[in-house]
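Here the structure is a predicted model, which is why all the values come from computation and not from measurement. Chain letters run A, B, ... following the sequence lines, proteins first, then strands; residues in each count from 1.
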Amino acid sequence: ETGVTQSPTHLIKTRGQQVTLRCSSQSGHNTVSWYQQALGQGPQFIFQYYREEENGRGNFPPRFSGLQFPNYSSELNVNALELDDSALYLCASSLDGQGALKTQYFGPGTRLLVL
Amino acid sequence: AQSVTQLDSQVPVFEEAPVELRCNYSSSVSVYLFWYVQYPNQGLQLLLKYLSGSTLVKGINGFEAEFNKSQTSFHLRKPSVHISDTAEYFCAVIPAGGGNKLTFGTGTQLKVEL
């Protein structure tokens with residue numbers, strides 16, 4: 001059983017640029033969630049995808065968008081990068097359903113620095 | 001909406017001493033509760049979870065937590081810590097019914113000293 005993987009591990013961009021982060025879900029999981037963790041803070045929910053459709057969104061502007069592919073891998077896209085977008089971006093996979101199926105398993109994260 | 005409070009931002013403790021990391025939550029609906037650990041420059045690893053049933057749950061690495069519904073708490077404990085337990089610990093909740101968003105606390109930095 002493979003765990004959640006993310007790429008790249010680190011990224012440096014300049015203000016105004018666009019970035020794409022990638023995530024591969026744990027084997028068998030059909031739901032992926034993305035979180036932003038600013039330095040010294042807890043993770044904040046960006047959005048979740050289930051069966052290639054957005055299935056819930058946190059308080060993030062539309063320039064944060066995502067995709068989920070038929071193999072359940074996922075992308076997080078951020079347009080018009082701002083300095084405050086500098087953070088660790090975490091992907092988590094789970095199964096859709098109740099109880100233990102709601103448990104989310106996290107990847108190692110992508111650290112984004114915007115200059 | 002849910003919220004999670006971790007009052008202790010840092011907890012220093014000597015090796016082999018017991019430790020308790022506090023977590024309180026607020027929610028108008030039933031929730032599931034989780035503790036995650038984050039080692040430096042890494043993602044989050046699930047320590048344990050409470051879904052239903054026995055209020056005392058055991059997790060990995062010798063950690064356990066007790067769910068107290070009346071006090072809306074889910075404190076994490078370990079009877080004897082090791083240097084390798086030094087990490088950031090996050091408490092989180094998710095609605096037991098509809099809803100798919102994990103809400104995290106701000107974390108507690110556990111520093112184990114010799």
Side-chain angles (χ1 to χ4, degrees), chain A residues 3-7 9-10 21 23-26 29-51 53-60 68 87-111 113, chain B residues 1-10 21-25 27 29-54 57 59-60 65 74 87-109:
Chain A
V4 180
T5 60
Q6 293 186 244
S7 62
T9 55
H10 295 82
L21 310 182
C23 170
S24 289
S25 297
Q26 186 167 312
H29 285 184
N30 57 13
T31 301
V32 64
S33 305
W34 285 91
Y35 293 81
Q36 180 195 67
Q37 186 181 15
L39 203 60
Q41 301 294 319
Q44 299 290 318
F45 177 74
I46 303 174
F47 44 55
Q48 183 183 83
Y49 277 81
Y50 168 65
R51 291 187 176 179
E53 297 286 333
E54 190 178 284
N55 187 37
R57 189 179 183 94
N59 293 328
F60 282 81
Q68 187 183 29
L88 180 68
Y89 287 85
L90 295 163
C91 165
S93 75
S94 59
L95 284 164
D96 179 65
Q98 300 301 314
L101 297 178
K102 289 191 125 177
T103 304
Q104 296 186 14
Y105 297 90
F106 285 80
T110 293
R111 191 165 296 281
L113 178 61
Chain B
Q2 291 78 45
S3 66
V4 177
T5 302
Q6 293 181 250
L7 285 173
D8 305 308
S9 59
Q10 291 187 37
L21 306 184
R22 296 181 294 169
C23 171
N24 288 87
Y25 70 94
S27 177
V29 299
S30 294
V31 294
Y32 299 141
L33 300 108
F34 304 85
W35 276 97
Y36 288 88
V37 60
Q38 186 173 38
Y39 298 102
N41 300 312
Q42 294 189 26
L44 300 177
Q45 181 181 4
L46 180 66
L47 268 181
L48 49 77
K49 60 190 174 188
Y50 174 78
L51 305 176
S52 64
S54 172
V57 291
I60 61 171
F74 190 53
E88 188 90 19
Y89 291 79
F90 291 96
C91 181
V93 300
I94 197 169
N100 42 34
K101 165 189 160 185
L102 263 176
T103 299
F104 285 86
T106 51
T108 297
Q109 175 67 41

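- In B:Ile60, the CD1 atom is crowded: over 12 heavy atoms of neighbouring residues, nucleotides or ligands sit closer than 6.0 Å.
- Only the side chain of A:Gln37 comes within contact range of chain B, judged by heavy atoms closer than 4.5 Å.
- Interface residue B:Gln38: only side-chain heavy atoms are found under 4.5 Å from chain A.
- Interface check for chain B: of the options A:Tyr50, A:Phe106, A:Tyr105, the most heavy-atom pairs under 4.5 Å are formed by A:Phe106.
- Interface summary for chain B: among A:Gly40, A:Cys91, A:Pro43, A:Gly42, the most heavy-atom pairs under 4.5 angstrom belong to A:Pro43.
- Summarising the geometry, atom CD belonging to A:Gln104 is positioned 6.0 Å from atom OH belonging to B:Tyr36; distances are rounded to the nearest 0.5 Å.
- Within 6.0 Å of CD in A:Gln44 there are 12 or fewer heavy atoms belonging to other residues, nucleotides or ligands.
- Looking at B:Leu46, only its side chain comes within 4.5 Å of chain A, counting heavy atoms on both sides.
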Please set out all donor-acceptor pairs under 3.5 angstrom arising from side-chain atoms of residues 96-107 of chain B, sequence neighbours excluded.
unit_1, atom_1, unit_2, atom_2, d
B:Asn100, ND2, A:Gln48, OE1, 3.0
B:Asn100, ND2, A:Asn55, O, 2.5

